Every structure is written in C-alpha cells, then in structure tokens.
Amino acid sequence: MSARKVRVRFAPSPTGALHIGGVRTALYNYLFAKQNGGDMILRIEDTDSQRFVPGAEEYIIESLNWLGIKFDEGVGIGGPGAPYRQSERRDIYKKYVQQLLDAGRAYIAFDTPEELDAKRSDVANFQYDASTRMEMRNSLSLSKEEVDALIANGTQYVVRFKIEPNEDVIVNDLIRGEVTINSSILDDKVLYKSADELPTYHLANIVDDHLMDISHVIRGEEWLPSAPLHVLLYRAFDWEAPRFAHLPLLLKPDGNGKLSKRDGDRLGFPVFPLEWKDPKTGDISSGYRESGYLPEAVINFLALLGWNPGNDQEIMSMEDLINMFSLDRCSKSGAKFDYEKGKWFNHKYIQQKDNAELARMFMPILKEHGVEAPAAQVEQIIGLVKERVNFVKELWGQSSFFFIAPVQYDEKTAKKRWKAESPEQMTELCDVLAGIEDFSAENTETVVKGWIEEKGYHLGNVMNAFRLAVVGESKGPHMFDITSLIGKEETIARLKQAVASIK
RNA sequence: GGUCCAUUCGUCUAUCGGUUAGGACGCCAGAUUUUCAUUCUGGAAAGAGGGGUUCGAUUCCCCUAUGGACUACCA
C-alpha cells in the first residue's frame with residue numbers, strides 16, 4: 001500500500017444530463033475521499049467535440065451541488081491542476097503523445113474511417129493490433145519518407161498505442177480482486193486525433209490522473225475492459241498507476257440491462273437529478289428535485305444501491321455515510337433500480353424535516369392554488385398531515401380542506417356516513433359549537449363528546465357526518481385538531497353548508 | 001462471435017464452512033383510530049443447475065446455464 005494522499009476525481013463528459021448512475025459514482029468517490037481526508041476533483045472530459053452538449057457542464061455542477069457532493073478542486077473551483085477542462089489541455093496531451101511516439105510505444109496511422117470500415121466488413125472480427133498493423137497504412141508499415149510526406153501535405157492521422165501481444169495484464173481491482181486480461185485481445189487504441197488536435201479518452205484520462213496525482217480511480221464497471229489498457233499506458237510512461245475500483249452498474253427496474261433515460265420515461269420516474277431540457281430536441285426529462293425529492297433522500301437511497309454498512313441501518317446522513325463507507329463492502333453485481341424504495345426514503349426524510357422547513361417548501365405550492373396563509377398556521381397544518389405523504393407536493397392533497405371549504409361532498413362517503421338523522425344532529429352541533437368559548441382541540445372535544453353522550457347519540461355516526469361536512473370526504477387528521485385550526489366560525493359555516501347541500 | 005465481470009426472497013441486501021438463511025422496500029392479514037392515512041404486530045417469499053473438496057457447503061474449486069459490460073478517430 002502506498003502512502004499516497006487520497007485524491008479522487010469525478011470526470012463526466014458533458015454530453016447531456018448527468019445520469020443517476022453517474023451521480024452514484026460521484027457519491028462513492030466523494031464518500032471515499034472525505035472518509036480518508038482526501039481531495040475530490042471535478043474534471044470535465046470534453047475530448048469529443050462531436051458530442052458536446054451546451055449546458056451539460058452547468059447541469060452537472062448544479063446537480064452535484066444540489067445533492068451536497070462538494071469538490072475541492074476542479075472546473076468552477078480551480079486548483080493546482082488547472083485547467084480541469086480537457087479541451088483546454090491540448091498542449092499538455094500533445095507533449096505526452098510525442099513522448100510515446102519518441103519512445104516507440106506509439107505510432108502514427110493514416111487509415112481513414114472509410115478504409116477501416118471496409119476492412120471490418122471484409123475481415124470478420126478485424127482488430128487493429130500486432131497481427132494486422134503491418135497491413136495498414138501507418139508509420140510502422142510505411143517508410144519514413146512516405147510518413148513525412150503525408151504529414152507535410154496535411155493528411156489527417158491518428159496516433160495509436162503499440163500494444164505488445166500475448167502479455168497477461170493484471171488489474172488489481174479494489175472491488176473485484178485480480179482481473180487478468182491478455183494483451184492480445186486489446187487493439188492498438190487511438191490515443192490522439194490530428195483532426196481536432198485532441199486526445200481520446202484513454203490518453204487524456206491517464207495523463208490527467210497522473211498530473212493531478214489521483215490515487216484512486218473509482219468508476220463504473222463499463223470501464224473494466226479498458227482497465228488493462230490503462231495499466232499498460234501507465235507502464236509505457238513509467239508512472240505509478242492509481243488503485244482501481246470498478247462499481248457495479250445500475251440496472252433497469254424491469255427486465256435486464258443498464259438503466260437508461262428511456263426507462264424513466266417509460267416507467268414514469270426520473271433518472272436525472274434535475275429536470276433536463278435537451279437543447280437539440282427540446283425534450284424535457286423529469287428530475288428528482290422537481291419531483292419533490294429531498295437531496296438527503298436521494299443520497300441515502302443511492303448509497304445503498306451497491307453498498308451496505310454491514311448492519312441493518314438504512315437511514316444514514318451524508319456524515320454517517322462518510323464514516324461508514326468502504327469499498328470492500330460494495331457489491332459486485334448490478335443493482336436494479338427500485339423506485340418504490342426511493343419513495344420510502346423520501347417519506348422517511350420528510351418525517352425528519354422540521355415543519356418550518358417543510359412549510360417553506362410548501363408555500364409556493366399553496367400559492368399555485370391561490371392560497372395565502374400565515375407561516376405559523378401552515379406549519380401547524382404540516383405537523384398534522386406530514387406523516388401521510390411521501391412528497392412535499394402531496395401535502396396539498398392532504399391539507400387543502402384546511403384552506404378551502406369543501407364545495408362538493410364525496411358521494412360514496414355521503415351515502416355511507418350521512419344518515420337520515422345527520423342534518424338534525426349537525427344543526428344541533430352548530431349550536432353546541434357556538435356556545436364554546438375555548439375552541440382549543442381539547443376543550444372542543446370534551447364539550448362535543450359530552451353533548452353526544454348526553455343525547456345518547458352514536459359517537460361514530462356523529463363524528464363521521466361531522467367530518468364529511470368539514471372535510472368533504474372521509475379522510476384527514478383528528479377532527480378537533482381540524483376544527484381548532486379552521487376556527488369556530490368556519491366550522492359552523494361548513495356544517496350549515498353541508499346540511500343545506502347533502503341530500 | 002470474442003474477452004471480461006457477475007448470479008441469496010419480486011427488488012436492495014446480510015451471511016466471511018456448522019444459522020429455524022437475518023433485515024428493508026413492496027405485497028397480504030390483524031391491531032390501534034370517530035374517517036383516511038400513519039404506526040404497530042404477524043405472514044407469504046430466496047441460495048440458477050450439475051459436479052467436486054470437506055465430517056459438514058449459500059459460503060471454496062470446476063463445468064453448464066443465465067444476465068451484464070466491453071469489443072469506435074464515444075466517453
């Protein structure tokens with residue numbers, strides 16, 4: 001074990017919204033870094049000018065910010081390794097590509113994409129490697145004069161990594177153990193493209209991780225097959241490689257395969273942290289934030305998809321997670337995404353949140369419904385109904401009757417709860433209520449129950465009709481908590497309205 | 001096709017050779033409640049198949065099956 005300082009990076013490429021699986025990768029990197037007193041770096045890997053999507057970088061930063069995943073260095077922050085955007089590091093990569101060329105570890109290839117396509121359709125399983133490279137047009141097969149002439153007349157070329165065949169490359173993965181791959185199955189990967197003067201992912205990644213002194217590379221399993229290539233690249237440069245940890249993938253909830261944007265659209269749940277509008281198509285994809293998720297709930301839920309603390313604890317704050325996280329408790333197999341469990345986490349976090357904070361989140365929703373109410377009152381109402389909701393926005397459905405008198409009465413409930421004697425009893429109840437001085441829940445309950453008992457009425461019948469009249473249907477918190485909040489006048493008015501309307 | 005990785009209730013998972021295979025979500029039932037929820041209690045529900053190794057395998061090894069990832073001048 002090297003005594004290197006822990007430094008990890010999250011290195012997304014700005015090709016669209018940040019996928020929830022990417023968020024989990026960022027989270028695990030963050031947890032690992034913070035647990036070890038290390039640094040977390042944000043690097044933007046925009047070496048593919050073709051796939052660049054405007055706004056994606058800002059989206060990624062805003063998403064991680066919302067979730068509370070903080071960076072010590074990187075795009076938008078700066079640091080000793082700046083710039084952290086790969087498109088701004090052209091000169092650096094050029095220098096290292098040249099170094100590989102000079103050392104004979106890489107070569108220049110002139111084959112056009114068309115030529116390669118033709119080759120691939122001609123030869124089954126064609127691979128550009130030690131067995132085929134001499135048949136191609138490159139600096140190994142061509143004379144020095146030919147190569148110089150081609151470059152001089154501006155022919156576009158790529159630089160390929162010269163992989164020595166038949167060598168077992170061992171990747172020591174922190175999650176999977178030793179993974180051995182024979183170098184013969186690797187092709188001579190393109191490292192650099194003269195067309196846009198940019199390296200490909202593989203080269204840029206290795207150079208940057210080295211220059212930024214990254215100690216641990218924690219990334220998705222889709223990178224495992226190219227890990228040996230990276231190991232070989234570190235060797236070619238004679239650099240110390242970081243430790244690798246390849247995380248299992250997040251899978252679709254139904255069927256099989258990697259979770260994708262489409263699954264979210266199809267099954268009706270977000271796969272992105274924030275709402276995302278595709279600048280090309282104008283399509284809008286929903287986000288966890290806009291769907292009413294609390295960032296703590298998303299973090300907690302995601303943390304447990306592929307990792308567990310080894311005990312039965314499920315509710316964990318970011319701080320808990322930082323303390324408890326460990327790479328060797330990460331599972332090896334992909335986790336299917338269970339949206340129902342995500343909802344449950346949100347429910348739990350809503351219960352933990354104090355009413356004042358929930359009220360602040362609820363206010364805009366109230367406004368949408370044309371309701372203006374004092375914060376103190378909203379807080380009290382939230383205290384009464386929050387245990388019944390999974391999302392802040394559901395608060396309206398559970399509490400609208402506090403703000404607006406029922407305009408209609410649920411038919412089924414009316415049929416069942418509104419008895420022949422109800423109109424008379426409710427009219428009597430109006431008088432009873434009118435006579436109450438202290439309209440607190442406790443006192444009102446005492447008085448009303450006293451009246452019911454005195455008259456020999458059936459408690460359930462009276463209360464159910466009472467609820468129907470005040471709420472409009474058969475739901476809601478304790479009746480007298482409702483009446484004390486809406487007040488005597490409103491309660492009586494609603495009773496009278498009900499007597500007049502319910503048949 | 002090739003290479004690599006994986007495989008415990010429907011789902012997320014615990015188990016580091018000996019357990020009535022545990023927990024959670026979801027589901028079902030019951031209790032509580034003046035309603036609806038919440039909550040509580042209980043229940044159904046799992047080691048892919050086949051070989052080994054071992055006194056003993058969910059656990060270690062091999063094979064098969066299944067799933068996944070990768071196989072671009074994308075990341």
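Quantities reported herein were computed from a predicted structural model and do not represent experimental measurements.
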Proximal nucleotide (of [options]) relative to the [X] side chain:
| X | options | value |
| --- | --- | --- |
| T200(A) | U38(B), C5(B), A75(B) | A75(B) |
| L249(A) | C25(B), A69(B), G1(B) | A69(B) |
| W344(A) | G68(B), C73(B), A24(B) | A24(B) |
| Y201(A) | U38(B), A75(B), A69(B) | A75(B) |
| L224(A) | C5(B), G26(B), C73(B) | C5(B) |
| V158(A) | U34(B), G22(B), C73(B) | C73(B) |
| L459(A) | C5(B), G23(B), U34(B) | U34(B) |
| N125(A) | A75(B), G1(B), C73(B) | G1(B) |

Roughly how many Å is it from [atom1] in [X] to [atom2] in [N], rounded to a whole number?
| X | N | atom1 | atom2 | result |
| --- | --- | --- | --- | --- |
| R219(A) | C70(B) | CZ | P | 13 Å |
| K475(A) | A37(B) | NZ | P | 11 Å |
| K343(A) | G26(B) | NZ | P | 9 Å |
| M136(A) | C73(B) | CE | P | 10 Å |
| K189(A) | U71(B) | NZ | P | 7 Å |
| K419(A) | U34(B) | NZ | C1' | 13 Å |
| L198(A) | C74(B) | CG | C1' | 13 Å |
| N182(A) | C4(B) | CG | P | 9 Å |

ask   = Is the centre of the Y201(A) ring less than 6.0 Å from the centre of the W223(A) ring?
value =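 When the ring centroids of Y201(A) and W223(A) are compared, they turn out to be within the sub-6.0 Å range.
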task = Answer yes if the ring centres of W307(A) and F325(A) are under 6.0 angstrom apart, and no otherwise.
result =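 Yes.
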With rounding to whole Å, what would you report as the distance between [N] and [M] at their [atom1] atoms?
| N | M | atom1 | answer |
| --- | --- | --- | --- |
| C60(B) | G18(B) | P | 12 Å |
| A69(B) | G51(B) | P | 32 Å |
| U64(B) | U3(B) | P | 12 Å |
| A46(B) | A65(B) | P | 26 Å |
| C4(B) | G49(B) | P | 25 Å |

May I ask you to say whether [X] pairs ionically with [Y], meaning some side-chain N is under 4.0 Å from a carboxylate O?
| X | Y | result |
| --- | --- | --- |
| K419(A) | E421(A) | no |
| E221(A) | K332(A) | no |
| D196(A) | K193(A) | yes |
| E57(A) | R85(A) | yes |

ask   = When the nearest nucleotide of RNA chain B is assigned to V190(A) and to K258(A) on a heavy-atom basis, which residue is associated with the more 5' position?
value =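 Result: K258(A).
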query = Taking for each residue the nucleotide of RNA chain B with the nearest heavy atom, is it Q398(A) or E222(A) whose nucleotide lies nearer the 5' end?
reply =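 First, find each residue's nearest nucleotide; the 5'-ward one identifies Q398(A).
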Strand partner of [N], provided both Watson-Crick or wobble distances fall under 3.5 Å:
| N | answer |
| --- | --- |
| U15(B) | none |
| A46(B) | none |
| U20(B) | none |
| U41(B) | A29(B) |
| G67(B) | C5(B) |

ask   = Quick one: is A69(B) close enough that its OP1 or OP2 comes under 4.0 Å of any side-chain N or O from R176(A)?
value =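 Indeed not, no polar side-chain atom of R176(A) lies that close.
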key: Side-chain N or O of T15(A) closer than 4.0 Å to phosphate OP1/OP2 of C74(B)   =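 No, outside the criterion.
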task = Let me have a per-nucleotide readout for nucleotides 12-20 of chain B, 5' to 3', with B, S or -, counting only protein heavy atoms under 4.0 Å.
result = SSSS-----
inquiry  = Under 3.5 Å, is there any donor-acceptor pair linking the side chain of R51(A) to the base of C74(B)?
reply    =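 Answer is yes: a donor-acceptor pair is held.
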ask   = Does the U34(B) base have a donor-acceptor partner in the side chain of H478(A) within less than 3.5 Å?
value =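 Result: at least one qualifying N/O pair found.
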request  = Output, in order, the C-alpha distance, side-chain angles, deciding distance and verdict of side chain to side chain donor-acceptor pair (under 3.5 Å) for D320(A) and S317(A).
outcome  = CA-CA 5 Å; D320(A) 295 333; S317(A) 66; 3.2 Å; yes
task = Could you point out which residue of F337(A), Y349(A), F269(A) forms a ring-ring contact (aromatic ring centres under 6.0 Å, His included) with F301(A)?
result =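 Going through F337(A), Y349(A), F269(A) one by one, the ring-ring contact (aromatic ring centres under 6.0 Å, His included) with F301(A) is satisfied by F337(A) alone.
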key: Main-chain N/O of V462(A) paired to Y457(A) side chain as donor or acceptor, under 3.5 Å   =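 The answer is no, because no donor-acceptor pair under 3.5 Å joins these two groups.
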query = For R9(A), which of R43(A), M212(A), H216(A) qualifies under side-chain contact (heavy atoms from CB on, under 4.5 Å)?
reply =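 Single side-chain contact (heavy atoms from CB on, under 4.5 Å) partner of R9(A) among R43(A), M212(A), H216(A): R43(A).
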